[in-house]
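Below is one structure; the comments refer to it alone.
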Amino acid sequence: MEAMETTLVLIHVLAAIIGIGPAFVLPVITQSAKTSSQLKFAYQLNDKINKYPKAAGITLLVTGILLMLLDHTGFTKMWLNISLVLFVLIEILIIGFLDPAMKRAAHLIRQHKEEGIPEDYLPLASKINALNRIVQVLTVLVIMLMVIRP
């Protein structure tokens, strides 16, 4: 049983690293774009790399629940319950709000023929940046709870 738990912890931690890296790096790349060509490239990069955090999110949820069952902790530890709620909230923000906004922004950028950044993009970028910051803060809180286990 111990080998199985160790393997699950390893997979859980690797999934966290794979999922969290792009969530912190991709917004910086997108915000650094100064022309529509750079934005187009940033959104193409987002499309390709965002597959990893999505798969990692599912892996985190499954391995986390399996670890709770193996450890017989269930929902008895408050830090674990809070982490789970925050994780679900992160996923809701990403799937329900961030992904659709990113798709609208990518579509807007693809349709833009000039080299400047389209005016319609700016309010959307502001919304995307705010959502990214919220997701990042919640992610840091989950990491803190997982490490400190208060």
Side-chain angles (χ1 to χ4, degrees), residues 1-33 38-111 117-118 120-150:
M1 191 66 91
E2 196 173 307
M4 183 181 210
E5 192 171 354
T6 301
T7 302
L8 283 173
V9 169
L10 176 63
I11 292 168
H12 192 73
V13 171
L14 288 173
I17 293 167
I18 291 167
I20 292 169
F24 281 84
V25 173
L26 289 173
V28 173
I29 293 170
T30 305
Q31 290 171 15
S32 300
Q38 291 174 351
L39 272 175
K40 286 175 187 172
F41 175 76
Y43 277 93
Q44 288 170 348
L45 193 60
N46 266 306
D47 285 344
K48 289 180 182 180
I49 293 178
N50 268 334
K51 292 175 180 103
Y52 297 105
K54 289 177 183 174
I58 293 166
T59 304
L60 279 168
L61 187 60
V62 170
T63 56
I65 291 171
L66 287 173
L67 284 165
M68 287 170 66
L69 294 173
L70 278 176
D71 200 24
H72 303 291
T73 56
F75 295 96
T76 61
K77 296 183 178 177
M78 186 58 72
W79 66 269
L80 202 48
N81 294 334
I82 293 170
S83 296
L84 194 54
V85 168
L86 291 176
F87 182 80
V88 169
L89 181 58
I90 290 167
E91 293 305 310
I92 289 169
L93 287 170
I94 291 170
I95 294 166
F97 299 95
L98 190 54
D99 281 351
M102 294 284 288
K103 286 178 182 162
R104 284 193 305 276
H107 177 74
L108 214 133
I109 295 300
R110 276 194 301 278
Q111 301 304 317
I117 295 175
D120 295 352
Y121 171 77
L122 299 177
L124 199 48
S126 180
K127 178 182 178 180
I128 290 167
N129 292 338
L131 287 167
N132 272 322
R133 280 191 291 280
I134 293 167
V135 167
Q136 290 170 342
V137 167
L138 293 175
T139 300
V140 168
L141 289 174
V142 170
I143 293 168
M144 288 172 62
L145 286 167
M146 288 286 148
V147 172
I148 297 170
R149 298 178 181 196

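Just the heavy atoms: all of them, side chains too, but no hydrogens, waters or symmetry mates, feed the values below. This structure is a prediction, so every number in the text was calculated from the model and none was measured.
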Mind running side-chain contact (heavy atoms from CB on, under 4.5 Å) on L61 and L84 for me, showing each step along the way? CA-CA 8 Å; L61 187 60; L84 194 54; 3.9 Å; yes
For a side-chain contact (heavy atoms from CB on, under 4.5 Å) check, start with the C-alpha distance between H12 and T59, then their side-chain angles and the critical distance, and finish with the verdict. CA-CA 7 Å; H12 192 73; T59 304; over 6 Å; no
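Side-chain contact between K54 and D99 is present, with at least one heavy-atom pair separated by less than 4.5 Å. T139 is listed as a side-chain neighbour of V135, based on a closest heavy-atom distance under 4.5 Å. Side-chain atoms of N132 and T30, non-hydrogen and from C-beta on, never get closer than 4.5 Å to each other.
When every heavy atom of Q136 is checked against every heavy atom of P27, the shortest pair comes out as NE2-CG, 3.8 Å. Annotation for A15 and A56: closest pair O-CB, 3.2 Å, computed over non-hydrogen atoms. The shortest heavy-atom contact between M146 and R149 is O-NE, 3.2 Å. The two atoms that bring S83 and L145 nearest to each other are OG-CB, 3.3 Å, heavy atoms only. In this structure, Q38 and S32 approach most closely via the heavy-atom pair OE1-O, 4.2 Å. Considering all non-hydrogen atoms of both residues, F87 and G57 come closest at CZ-O, 3.3 Å.
V13 pairs with exactly one of V9, L10, I11 by the side chain to side chain contact (heavy atoms under 4.5 Å, CB included) rule, that one being V9. I134 pairs in a side chain to side chain contact (heavy atoms under 4.5 Å, CB included) with only one of the listed residues (N129, I90, L93), which is L93.
In this structure, I92 CD1 and L98 CG are separated by 13.5 Å, a value rounded to the nearest 0.5 Å. Taking CG from L26 and CD1 from I49, the interatomic distance works out to 5.0 Å, rounded to the nearest 0.5 Å. The distance from atom CG of L124 to atom CG of L108, rounded to the nearest 0.5 Å, is 7.0 Å. We find the CG-CE distance between L67 and M4 to be 9.5 Å, quoted to the nearest 0.5 Å. Separation of atoms CD1 (I58) and OG1 (T63) is listed at 11.5 Å; rounding is to 0.5 Å. How far CZ of R104 is from NZ of K127: 4.5 Å, rounded to the nearest 0.5 Å.
The environment of Y121 atom OH is dense: over 12 non-hydrogen atoms of other residues, nucleotides or ligands sit within 6.0 angstrom.
For I95, the side chain to side chain contact (heavy atoms under 4.5 Å, CB included) test picks out E91, with sequence neighbours left out.
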